[in-house]
Trainee: 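Handing you this structure, nothing more for now.
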Amino acid sequence: MPELPEVETTRRGIAPHVEERRVRELVVREPRLRWPVDPALADHLRGATLGPVERRAKYLLLPAGDAGTLILHLGMSGSLRVIDAAEPPAAHDHLDLVLEDGQALRLRDPRRFGAALWQPAGTTHPRLAGLGPEPLGPAFDGDYLYRTSRGRRAAVKAFIMDNKVVVGVGNIYATEALFRAGIDPRRAAGRIGRERYRRLADAIRAVLTEAIEAGGTTLRDFTHSDGAPGYFRIRLAAYGRAGEPCPACGRTLVTSQVGQRATVRCPACQT
DNA sequence: CATAGCACCTGAGGGC
DNA sequence: TGCCCTCAGGTGCTAT
């Protein structure tokens, strides 16, 4: 489920409940995530006081004392909730980060593509090394995309979904941004001009920002009811709408495969 | 290095 | 109802 806005929403939701709290225990019910959970992870975390929760790409970073940082990834189906630690775990509730105040940060992930990793202080975890710039950060703009894409023959949609190029742009928002920018997702990345890349970078930033703002409205409920952030979906113009009329011109939106992923485009607006 | 294809895993939904 | 098929919002590994 999570793309960057969902991860950012989760970050903002959990932060007030975990920052400055001490870790009582990490309970691992199912270590078989994307990578096996290191048995030493619980030892690293026990007794540590958690610092400001940060996000890099779709990874959540939870500083744990002086020793290092807990890194969480939600994969395709992961979610985090803040709950009463006594609440019985349901299916696919693989990890509990139990806090001394009696609450717990609980990871649920049916498909187990998520991860829980340890990054010792002063090091960069290999999974974070080599990542491209944040799409909402200062290093990302149309000129960057233009420069980076020269000579690339891959489809522009695959190009902007490449984590080495820019992080956090998944299938939904790549589809939406290309629609907004009027660019055919199949077009070779190296054959798109500077001006169109400026439009694309603006579209990526806009759609991500809008989605984060939409997610923000659910944050107050993070520890209420089931305690999960409502994974919102902003009004999407193209994603999931194959066969429907294009919101801009009325032509029928079509679906196809680009870089092994389903994509939707307007055959008239996107060139 | 860039690219394409495959892999991991479970659940939901559609067709019969 | 049940079975079988396809598909899903991520990303790392491998071969070319």
Side-chain angles (χ1 to χ4, degrees), chain A residues 1-11 29-37 55-60 71-80 89-95 107-117 125-132 135 145 147-179 185-192 204 207-208 210-212 214-215 218 228-243 255-264:
Chain A
M1 292 163 83
E3 291 206 32
L4 185 145
E6 288 80 4
V7 178
E8 177 62 19
T9 298
T10 298
R11 184 191 72 77
R29 293 185 203 83
E30 174 54 87
R32 295 176 301 166
L33 303 184
R34 182 69 165 82
W35 294 277
V37 178
R55 178 188 59 73
R56 173 73 173 109
K58 294 170 188 163
Y59 296 90
L60 287 169
I71 300 178
L72 297 175
H73 195 286
L74 302 178
M76 291 273 268
S77 59
S79 62
L80 283 170
H92 310 300
D93 285 346
H94 305 313
L95 300 181
L107 173 71
R108 175 176 298 177
D109 184 6
R111 291 176 74 178
R112 290 192 276 119
F113 289 166
L117 307 167
H125 195 281
R127 297 276 72 84
L128 302 187
L131 289 176
L145 284 179
R147 272 183 275 119
T148 309
S149 61
R150 293 310 87 187
R152 301 282 197 114
R153 288 177 302 173
V156 61
K157 180 157 180 267
F159 175 69
I160 61 172
M161 290 178 70
D162 182 345
N163 276 339
K164 294 189 292 300
V165 174
V166 59
V167 301
V169 182
N171 201 27
I172 291 178
Y173 298 111
T175 298
E176 287 300 298
L178 287 161
F179 174 81
R186 301 166 301 176
R187 180 173 288 276
R191 300 188 54 215
I192 294 174
I204 289 171
V207 73
L208 291 176
E210 289 171 27
I212 290 169
T218 68
Y231 279 143
F232 57 90
R233 189 177 283 186
I234 60 169
R235 159 122 183 112
L236 300 171
Y239 182 86
R241 294 185 179 275
T255 186
S256 63
Q257 291 275 124
V258 177
Q260 282 103 267
R261 292 269 174 202
T263 199
V264 180

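Computed over heavy atoms, backbone and side chain alike; hydrogens, waters and symmetry mates excluded. So you know, we letter chains A, B, ... as the sequences are listed, proteins then strands, and number each from 1.
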Trainee: When you get a sec, tell me which of B:dG11, C:dG10, C:dC13 is the closest nucleotide to the side chain of A:His73?
Mentor: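 My answer, after comparing the listed nucleotides, is C:dG10.
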Trainee: Could you give the CD-to-P distance, from A:Glu3 to C:dA8, as a whole number of Å?
Mentor: 13 Å
Trainee: Would you check, one step at a time, whether the test side chain to side chain contact (heavy atoms under 4.5 Å, CB included) holds for A:Leu4 with A:Arg55?
Mentor: CA-CA 9 Å; A:Leu4 185 145; A:Arg55 178 188 59 73; 3.2 Å; yes
Trainee: C:dG12, B:dA4, C:dG9: which one has an atom nearest the side-chain heavy atoms of A:Trp35?
Mentor: C:dG12
Trainee: Under 4.0 Å: is that the gap between some side-chain N or O of A:Tyr173 and OP1 or OP2 of C:dG9?
Mentor: no
Trainee: From the list B:dT10, C:dC13, C:dG10, which nucleotide is the closest neighbour of the side chain of A:Asn171?
Mentor: C:dG10
Trainee: Is A:Phe159 touching bases, backbone alone, or none of the nucleic acid, heavy atoms closer than 4.0 Å?
Mentor: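 Counting heavy atoms under 4.0 Å across all strands, no contact is made by A:Phe159.
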Trainee: Starting at atom CG of A:Asp93, determine the distance to atom P of B:dG11, rounded to an integer number of angstrom.
Mentor: 13 Å
Trainee: To the side chain of A:Arg111, which of B:dT10, C:dG10, B:dA4 is closest?
Mentor: B:dT10
Trainee: A:Gln260 side chain: which of B:dG5, B:dT3, C:dG9 is closest?
Mentor: B:dG5
Trainee: DNA chain B: A:Ala91 or A:Gly151, which has the more 5' nearest nucleotide?
Mentor: A:Gly151
Trainee: Consider the side chain of A:Arg127, meaning its heavy atoms from C-beta on, and name the nucleotide among C:dT11, C:dC13, C:dA8 that approaches it most closely.
Mentor: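 My answer, after comparing the listed nucleotides, is C:dC13.
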Trainee: With respect to the phosphate group of B:dC8, does any side-chain polar atom (N or O) of A:Arg112 fall under 4.0 Å of OP1 or OP2?
Mentor: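 Negative; the distance criterion is not met.
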Trainee: More than 12 foreign heavy atoms under 6.0 Å from CZ of A:Arg29: is that the case here?
Mentor: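 Yes.
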Trainee: Using a heavy-atom cut-off of 4.0 Å across all strands, would you classify A:Asp109 as base, sugar-phosphate, or nothing?
Mentor: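 A:Asp109: no heavy atom of the nucleic acid under 4.0 Å.
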Trainee: Across all strands shown, which nucleotide pairs with C:dG9 by Watson-Crick or G-U wobble geometry, both distances under 3.5 Å?
Mentor: none
Trainee: Taking atom C1' of B:dC9 as reference, at what distance in whole Å does atom CG of A:Leu33 sit?
Mentor: 11 Å
Trainee: Does the ring of A:Phe113 meet both stacking tests against the six-membered base ring of B:dC9: centre distance under 5.5 Å and plane angle under 30°?
Mentor: no
Trainee: Nearest-Å distance, CD (A:Glu30) to C1' (B:dT10)?
Mentor: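 Rounded to whole Å, this separation is 12 Å.
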Trainee: If I take atom CD in residue A:Gln257 and atom P in nucleotide C:dC7, what distance separates them, rounded to the nearest angstrom?
Mentor: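 Those two atoms, CD and P, are 7 Å apart.
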Trainee: Using the P atom as the reference point in each nucleotide, state the distance between C:dG12 and B:dG11 in Å, no decimals.
Mentor: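 So the two P atoms sit 24 Å from each other.
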Trainee: Report which part of the nucleic acid A:Arg32 touches: base, sugar-phosphate, or nothing (heavy-atom distance under 4.0 Å, all strands).
Mentor: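 No contact at all - A:Arg32 keeps every heavy atom at 4.0 Å or more from the nucleic acid.
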Trainee: Can you tell me if A:Glu30 uses its side chain to pair, donor with acceptor, with the backbone of A:Arg32 under 3.5 Å?
Mentor: yes
Trainee: Are any of A:His92's side-chain N or O atoms less than 4.0 Å away from OP1 or OP2 of B:dC9?
Mentor: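 Result: no.
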Trainee: In whole Å, what is the span from the CG atom of A:Leu131 to the C1' atom of C:dT11?
Mentor: 11 Å
Trainee: Under 4.0 Å: is that the gap between some side-chain N or O of A:Arg152 and OP1 or OP2 of B:dT3?
Mentor: yes
Trainee: If only atom types and distance count, is the side chain of A:Glu176 paired as donor or acceptor with the main-chain N or O of A:Ala237 below 3.5 Å?
Mentor: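 The answer is yes, because a donor-acceptor pair under 3.5 Å joins these two groups.
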Trainee: Which of the following nucleotides, C:dA8, C:dG9, C:dT11, is nearest to the side chain of A:Ala262?
Mentor: C:dA8
Trainee: Is it true that, when you exclude A:Arg150 itself, more than 12 heavy atoms of the residues, nucleotides or ligands shown sit nearer than 6.0 Å to its CZ?
Mentor: yes
Trainee: Using whole Å, what does the distance between atom P of nucleotide C:dT11 and atom CG of A:Leu128 come to?
Mentor: 11 Å
Trainee: Determine whether A:Ser256 and A:Thr263 satisfy the following criterion, side chain to side chain contact (heavy atoms under 4.5 Å, CB included), listing intermediate values before the conclusion.
Mentor: CA-CA 5 Å; A:Ser256 63; A:Thr263 199; 3.7 Å; yes
Trainee: Between B:dT3 and C:dG9, how far is it from one C1' atom to the other, in whole Å?
Mentor: 23 Å
Trainee: Name the closest nucleotide to the A:Arg261 side chain, picking from B:dG11, C:dG9, B:dG5.
Mentor: C:dG9
Trainee: Within this structure, what is the NZ-to-C1' distance between A:Lys157 and C:dG10, rounded to whole angstrom?
Mentor: 13 Å
Trainee: Any chance you could measure A:His94, atom NE2, to A:Leu107, atom CG, to the nearest 0.5 Å?
Mentor: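 One finds 6.5 Å between NE2 of A:His94 and CG of A:Leu107.
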